[in-house]
J.: 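One structure is given below, represented as structure tokens, and several questions about it will come after.
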Amino acid sequence: LYRAKSEGRNLYRFFEPGMDAAVQARRALEVDLETALPRQEFDLDFQPIMNIASGEIIGAEALMRWHSPARGKVVPDDFIPVAEETGLIVPLGEWALRKACATAASWPPGLRIAVNVSAVQLKSSGFARAVISALAFSGVPAGQLELEITETVLMDESKAVLKTLRQLRELGIRIALDDFGTGYSSLGYLRRFPVDKIKIDRSFIRDMGNRDTAAIVRSIIGLGTELGIVVTAEGVETERQLDMLRDNGCVEAQGYLIGVPSKAADIQRLLKARAPRSQTG
Ligand code: C2E
Ligand code: CA
Ligand code: CA
């Protein structure tokens, strides 16, 4: 069943020996994940985001971490897809929203908190309510919360998802398009749903030494400028990449050069030291 699903739906695969072990391993992962939330095995790290022109840190992105007693550190790419398939991403994502907002409540005023949101969460009926509740509970103003969604969410024709996003945006919550450039080349959805931010996928930044890739990066920055959308470059690791981005008018940068994902206490220290002056008072 899993083999058929992972190779695209509506097809069948014959059972082969060896699949049994894979199915059992997958089932064990699902069971561990299910118990991880009540056992408080999840945590959030925060990665700083910098305004390139001023060098100031304008906020941070929350990144989920799973410390499994049995498996050790499990990376999000290994457990988020499983949580999406089992539906656990709904309560897990809600936990992340609450935790991220609660953390950001003690940051200097005006700093943004970015939270990743899966398409499965957006399709679940209580999503808007969960977001509003996380804001109310923490006291973080709506304008400081940024929800990171992927292109596939906007490609989806589902009216309900667009309605939810509009509703949240009307409250002042900002919507960012994550991993921009990796999904589909159709940009029609940008007309149907205006976003506040585009995050250029780190695969483009990594290959910016290549002339064609550099041209694509420049075009995305130009697109953002024309549409009045903030452009953030992800995965910035070298001064050279940062210089190229600055020269081309990219607004924000995120990546190991600016700061690695860090514990809440460490990020709070960094934010206090490098947040815009007017906002630290
Ligand atoms: P993402 O949203 O694109 O997050 C950025 C990823 O790039 C993070 O990986 C981060 O650690 C990594 N990164 C940051 N700077 C650099 C750099 O300079 N170089 C390189 N090579 N990598 C860098 P991470 O933390 O493993 O997260 C992977 C993905 O898991 C995220 O990609 C996001 O799609 C997903 N994810 C993480 N937390 C959550 C969450 O709370 N909810 C949901 N739905 N998804 C999440
Ligand atoms: Ca993200
Ligand atoms: Ca990304």
Side-chain angles (χ1 to χ4, degrees), residues 33 36-37 41-50 52 57 59-67 72-104 112-124 127 130-131 134 145-153 161 174-183 195-208 217 220 230-242 245 250 252-264 266-267:
L33 254 184
L37 192 56
E41 292 168 13
F42 293 103
D43 198 6
L44 293 180
D45 275 356
F46 297 85
Q47 186 177 32
I49 304 171
M50 183 183 82
I52 297 178
I57 302 297
E61 175 180 359
L63 294 163
M64 211 183 281
R65 302 292 178 247
W66 179 20
H67 308 279
K73 281 184 192 170
V74 188
V75 297
D77 288 334
D78 286 343
F79 70 82
I80 299 273
V82 181
E84 286 176 332
E85 265 201 42
T86 62
L88 180 74
I89 194 69
V90 174
L92 185 57
E94 202 170 316
W95 167 85
L97 260 169
R98 283 181 166 267
K99 178 92 180 172
C101 289
T103 305
R112 290 217 182 92
I113 173 71
V115 183
N116 292 286
V117 174
S118 140
V120 178
Q121 280 176 273
L122 270 165
K123 282 183 194 145
S124 72
F127 181 70
V131 175
L145 176 64
E146 200 159 75
L147 300 178
E148 297 196 358
I149 61 173
T150 52
E151 285 168 291
T152 40
V153 167
V161 166
R174 296 160 51 90
I175 307 294
L177 263 188
D178 208 352
D179 308 336
F180 189 81
T182 55
V195 297
D196 301 282
K197 179 183 276 193
I198 286 172
K199 298 187 80 173
I200 309 178
D201 189 69
R202 70 168 187 266
S203 57
F204 292 99
I205 308 304
R206 188 186 52 217
D207 295 340
M208 235 178 0
V217 170
I220 300 175
V230 171
V231 177
T232 304
E234 294 190 309
V236 179
E237 295 183 353
T238 68
E239 289 289 351
R240 195 177 141 73
Q241 289 166 346
L242 187 62
L245 291 162
C250 187
E252 293 174 357
Q254 185 178 354
Y256 296 164
L257 179 70
I258 288 97
V260 295
S262 311
K263 299 281 150 238
D266 296 325
I267 207 75

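Worth saying up front: this structure is predicted, and the values here are computed from it rather than measured. Residues take their numbers from the sequence shown, with the count starting at 1. We count ligands from 1, going down the list as the structure has it; atoms in each ligand are counted the same way.
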J.: In this structure, which one of Gln254, Glu61, Glu234 forms a side chain to side chain donor-acceptor pair (under 3.5 Å) with Gln47?
T.: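 When side chain to side chain donor-acceptor pair (under 3.5 Å) is applied between Gln47 and each of Gln254, Glu61, Glu234, only Gln254 qualifies.
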J.: How about NZ on Lys197, more than 12 heavy atoms from neighbouring residues, nucleotides or ligands closer than 6.0 Å, or not?
T.: yes
J.: Would Ile198 and Thr232 satisfy side chain to side chain contact (heavy atoms under 4.5 Å, CB included), going step by step from the backbone distance to the final call?
T.: CA-CA 6 Å; Ile198 286 172; Thr232 304; over 6 Å; no
J.: Measure the shortest side-chain to side-chain distance between Glu41 and Trp66 over non-hydrogen atoms and say whether it is less than 4.5 angstrom.
T.: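 Result yes, sub-4.5 Å side-chain heavy-atom pair found.
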J.: Looking only at protein heavy atoms, which one is nearest to atom 15 (N) of ligand 1, and how far off is it?
T.: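 Going by distance alone, atom 15 (N) of ligand 1 is nearest to Gln47 NE2, 3.0 Å.
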J.: Of the listed options (Glu237, Arg65, Arg202, Glu234), which comes nearest to atom 25 (O) of ligand 1 when hydrogens are ignored and any heavy atom counts?
T.: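 The option holding the nearest heavy atom is Arg65.
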J.: Which residue supplies the protein heavy atom nearest to atom 34 (O) of ligand 1, what is that atom called, and how far is it?
T.: Asn116 OD1, 4.6 Å
J.: Anything protein N/O/S under 3.0 Å from the Ca ion (ligand 3)? Just list residue and atom, please.
T.: Asp178 OD1, Asp179 OD1, Glu234 OE1, Glu234 OE2
J.: Can you see which heavy atom on Arg65 is nearest to which on Pro76, and at what distance?
T.: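 Here Arg65 and Pro76 meet closest at NH1-CG, 3.5 Å.
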J.: I want to check something: taking the side chain as every heavy atom from C-beta on, are Phe127 and Leu97 in contact at a cut-off of under 4.5 Å?
T.: yes
J.: Answer side chain, backbone, both or neither: which part of Ser118 comes under 4.0 Å from ligand 1, heavy atoms only.
T.: both
J.: Between the side chains of Asp45 and Lys263, is the shortest nitrogen-to-carboxylate-oxygen separation below 4.0 Å, so that they form an ion pair?
T.: yes
J.: Nearest to the Ca ion (ligand 2), which N, O or S atom of Glu61 do we find?
T.: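 For Glu61, the N, O or S atom at the smallest distance from the Ca ion (ligand 2) is OE2.
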J.: Hey, does the side chain of Asp178 reach the backbone of Thr150 with a donor-acceptor pair shorter than 3.5 angstrom?
T.: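 Between the backbone of Thr150 and the side chain of Asp178 there is no qualifying donor-acceptor contact (under 3.5 Å).
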J.: Is a side-chain N or O of Gln241 found less than 3.5 angstrom from the main chain of Ile205, in a donor-acceptor match?
T.: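 Yes, Gln241 side chain to Ile205 backbone: donor-acceptor pair under 3.5 Å.
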J.: I'd like to check Leu242 versus Leu257 (side-chain heavy atoms, cut-off strictly below 4.5 Å). Are they in contact?
T.: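 Side-chain contact under 4.5 Å: yes.
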J.: At what distance is the nearest protein heavy atom to atom 41 (O) of ligand 1, and which residue and atom is it?
T.: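 Answer for atom 41 (O) of ligand 1: Met64 CE, 3.1 Å.
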J.: In terms of residue, atom name and distance, what is the protein heavy atom nearest to atom 28 (C) of ligand 1?
T.: Asp77 OD1, 3.6 Å
J.: Looking only at protein heavy atoms, which one is nearest to atom 3 (O) of ligand 1, and how far off is it?
T.: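 Ranked first by proximity to atom 3 (O) of ligand 1 is Asp179 OD1, 3.3 Å.
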J.: When you measure from atom 45 (N) of ligand 1 to the protein, is at least one non-hydrogen atom found at a distance under 4.0 Å?
T.: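 So far as the 4.0 Å threshold goes, atom 45 (N) of ligand 1 is in reach of a protein heavy atom.
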J.: Do me a favour and list the nearest non-hydrogen protein atom to atom 13 (N) of ligand 1 with residue, atom name and distance?
T.: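 Scanning the protein heavy atoms, the shortest distance from atom 13 (N) of ligand 1 goes to Tyr256 CE2, 3.8 Å.
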J.: If you count the atoms of ligand 1 from 1 in the order shown, which ones are under 4.0 Å from a heavy atom of Pro261?
T.: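 Those atoms are 11 (O).
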J.: With a 4.5 Å heavy-atom cut-off, do Cys101 and Leu145 have their side chains touching?
T.: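 Side chain of Cys101 against side chain of Leu145, heavy atoms only: contact under 4.5 Å found.
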J.: Quick check on atom 11 (O) of ligand 1 - does any protein heavy atom sit closer than 4.0 Å to it?
T.: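 So far as the 4.0 Å threshold goes, atom 11 (O) of ligand 1 is in reach of a protein heavy atom.
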J.: What protein heavy atom sits nearest atom 4 (O) of ligand 1, and how far off is it?
T.: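 Of the protein heavy atoms, Leu63 CD2, 3.6 Å lies nearest.
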J.: Of the choices Ile149, Asp178, Leu44, which has the non-hydrogen atom that lies closest to atom 1 (P) of ligand 1?
T.: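 Among Ile149, Asp178, Leu44, the closest heavy atom to atom 1 (P) of ligand 1 belongs to Asp178.
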J.: Of all heavy-atom pairs between Cys250 and Ile52, which one has the smallest distance, and what is that distance?
T.: O-CD1, 3.4 Å
J.: Tell me the closest heavy-atom pair linking Pro48 and Ile57, and the distance in Å.
T.: CB-CG2, 3.9 Å
J.: Report, in ascending order of atom number, the atoms of ligand 1 lying under 4.0 Å from any heavy atom of Gly235.
T.: 16 (C), 17 (C), 18 (O)
J.: Could you list all the salt bridge (charged side-chain N to carboxylate O under 4.0 Å, His left out) pairs where at least one residue sits in residues 87-97, not counting sequence neighbours?
T.: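 Every candidate salt bridge (charged side-chain N to carboxylate O under 4.0 Å, His left out) pair involving residues 87-97 fails, so no pair, neighbours aside, qualifies.
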J.: May I ask you to identify the nearest protein heavy atom to atom 30 (O) of ligand 1, giving residue, atom name and distance to one decimal place in Å?
T.: Pro76 CB, 3.2 Å
J.: At a 4.0 Å threshold, what atoms of ligand 1 neighbour a non-hydrogen atom of Glu61?
T.: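 Answer for ligand 1: 2 (O), 4 (O).
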